[in-house]
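Note sheet for the following structure.
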Amino acid sequence: MNCPKCQYSNPSGTEICYLCHEVLLHNAGKAFFQTVRRVHSTPSDSKSAPARAPKSISGPLKNANAKGRPGPDGWVANLPSWFSRNHYAFFIGSGLAIMALGVGYYLSPMTRMGRYGTNLIYRFEFQKPAAYFVGSQMQSRIFALRDGVIDTPLPGQADSEAGSLIIDRQSDIDSHAVLRVRSQEWMRTLKTPDGDEHQMIPKGHPSTAPAQIFLDAQGTLVSRQNASSLRLGRAVTSLFPRFPKGIQRVGSRWTEPIEWTLAIGDWRIAWEGELSWLLKDYEPCYKEECAKLTYEAHVLPRILQPPQWAKGNVTDASFQGKAGGEVLYNVKKGIVISAAFAQNGNLTVGINHLDSIPSESRVGVPLSGGPGAIVMQMTNRFDVRKP
């Protein structure tokens, strides 16, 4: 049998050419082994061939560290593929986080009060009396005017006061809660040419007489009893403003009639009028929620007691200036925690006879008698707050 490849004459029935190993009679198994034998018998050039480089490693292990953990570059390189596989979970998680933040903001007390408001009522549910500190300052320059010209300066005033008071609850009267406001101590400091002079106001003094507060079942102020004393009365009206019933929102306005007494030297003046209130905002205070309220005082003076030389000699009184204050109300506890008031301007009192001014109070030679005015340039500040 001649080989079709090399034309070698092989014996009849030969399956593989003896010369070139060409398959003459096809048999898959034998053909495979003959091919392997031919390959191994052929000289190899593998020694001169360059070694094959190992396949590169892809994925997070490409930049693995010594411990076999993926390095940062590997994670960054795989972020796009990770995001493409998990983008639905990413968007769902982001939506839930935003929803949780929104619900937390909406349910916060500050947000609710800012949007819907709250009731301004008094609670005073305390186990022990509530204490407050009180402070005030008064500065005044006083002079007499005749025909618009200064006739003589008069002794002015520069003093300050400090005290403390407590509020406790008494037995209810006719379904009204009754609170008592009383002073603990009170001191007055006078500025004199020789220095400061301190005076202790004794307990039981009329200017610090105790006051009573009546509240209804809802905590709304009904009345303030004995709240017109010279010193304690101002603290009582500051700590217990008359809030309207119902929900009060930011921007709510209301008015309240007001009266207090002020001493300027030897003059006792009653101030009567109304307070114009504004609920300015709700804000955090002392880790709780508070309402910030402001007011303007529209008041007129009335002379209660002039000096001895001016009795029967006073005509009228007027005031040109500003008066107002700010109150911080704790919504949760239902109490006022601080109240500040300021008043400054010119108080003018008409006088029929200027020659009635004592000579020891005058400066210079007295002029002939005639009508005129006493002008008091005053600056008054008052503050009460919880410690």
Side-chain angles (χ1 to χ4, degrees), residues 131-143 153-166 181 183-202 205-209 211 227-241 258-273 275 292-305 307 317 319-328 336-349 374-387:
Y132 286 85
F133 291 146
V134 183
S136 66
Q137 291 181 342
M138 167 60 76
Q139 293 182 347
S140 64
R141 296 175 56 215
I142 306 175
F143 50 87
L154 297 173
Q157 178 181 354
D159 65 5
S160 62
E161 296 188 7
S164 63
L165 57 87
I166 58 174
V181 185
S183 67
Q184 290 289 91
E185 55 184 1
W186 211 281
M187 183 178 69
R188 182 186 184 192
T189 302
L190 295 173
K191 302 286 185 180
T192 65
D194 299 330
D196 293 346
E197 179 182 337
H198 304 286
Q199 299 176 352
M200 292 298 299
I201 307 300
H205 193 273
S207 65
T208 59
S228 59
S229 59
L230 180 63
R231 291 184 170 87
L232 193 63
R234 296 185 63 191
V236 172
T237 55
S238 298
L239 289 175
F240 293 93
I258 194 65
E259 178 180 358
W260 73 86
T261 304
L262 185 66
I264 305 178
D266 295 331
W267 299 81
R268 297 291 184 273
I269 300 104
W271 299 88
E272 301 170 341
L275 304 180
K292 183 178 181 180
L293 306 107
T294 61
Y295 64 88
E296 294 181 358
H298 307 284
V299 291
L300 296 175
R302 178 170 58 88
I303 305 302
L304 289 178
Q305 180 180 334
F319 176 73
Q320 291 183 339
K322 294 182 179 181
E326 181 178 290
V327 170
L328 208 57
V336 170
I337 61 175
S338 68
F341 170 81
Q343 182 182 22
N344 57 77
N346 294 338
L347 172 63
T348 303
V349 181
I374 303 297
V375 178
M376 309 177 198
Q377 295 180 341
M378 54 171 288
T379 298
N380 177 228
R381 300 185 183 278
F382 184 83
D383 181 86
V384 55
R385 64 182 61 245
K386 278 189 67 65

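Numbering starts at 1 and runs along the sequence shown.
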[atom1]/[X] to [atom2]/[Y] distance, rounded to the nearest 0.5 angstrom?
X	Y	atom1	atom2	answer
Thr379	Met138	OG1	CE	8.5 Å
Phe319	Gln343	CZ	CD	4.5 Å
Met200	Glu185	CE	CD	5.5 Å
Leu154	Asp266	CG	CG	10.5 Å
Arg231	Leu262	CZ	CG	11.0 Å
Ile374	Trp267	CD1	CH2	6.0 Å

(request) Decide yes or no for Lys191 and Asp196: does some side-chain heavy atom of the first lie under 4.5 Å from some side-chain heavy atom of the second? (result)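 Side chain of Lys191 against side chain of Asp196, heavy atoms only: contact under 4.5 Å found.
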With a cut-off of 6.0 Å (strictly less than), are more than 12 heavy atoms of other residues, nucleotides or ligands near [atom1] of [X]?
X	atom1	result
Arg141	CZ	no
Glu259	CD	yes
Phe133	CZ	no

(request) Would you check, one step at a time, whether the test side chain to side chain contact (heavy atoms under 4.5 Å, CB included) holds for Gln377 with Phe143? (result) CA-CA 9 Å; Gln377 295 180 341; Phe143 50 87; 3.9 Å; yes
Which atom names give the shortest non-hydrogen contact between [X] and [Y], and what distance separates them?
X	Y	result
Val134	Ala235	CG2-CB, 4.3 Å
Met378	Ile264	SD-CD1, 3.8 Å
Val299	Trp271	CG2-CE3, 3.8 Å
Tyr132	Pro387	CA-CD, 4.2 Å
Leu232	Ser183	CD2-N, 4.3 Å
Arg234	Ser238	O-OG, 2.9 Å

(message) Using the rule side-chain contact (heavy atoms from CB on, under 4.5 Å), only one of Gln199, Glu161, His198, Glu197 pairs with Thr189; which is it?
(response) His198
(message) Quick check on side-chain contact (heavy atoms from CB on, under 4.5 Å): which of Thr261, Ile269, Leu230 does Leu304 satisfy it with?
(response)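 Checked Thr261, Ile269, Leu230 against Leu304; only one passes side-chain contact (heavy atoms from CB on, under 4.5 Å): Thr261.
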(request) Decide, yes or no, whether a salt bridge links Arg381 with Asp383 under the criterion of side-chain N to carboxylate O below 4.0 Å. (result)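 No, Arg381 and Asp383 are not salt-bridged.
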(request) Starting from the C-alpha separation in whole Å, work towards a yes-or-no answer on side chain to side chain contact (heavy atoms under 4.5 Å, CB included) for Ile258 and Glu272. (result) CA-CA 6 Å; Ile258 194 65; Glu272 301 170 341; over 6 Å; no
(request) Just do the side chain to side chain contact (heavy atoms under 4.5 Å, CB included) check on Phe240 and Val181 with the steps written out, would you? (result) CA-CA 11 Å; Phe240 293 93; Val181 185; 4.1 Å; yes
(request) Under the side chain to side chain donor-acceptor pair (under 3.5 Å) rule, collect the residues that match up with Asp159, sequence neighbours excluded. (result)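 Gln157, Arg188.
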(message) Are Phe341 and Trp260, when compared by the centres of their aromatic rings, separated by less than 6.0 Å?
(response) yes
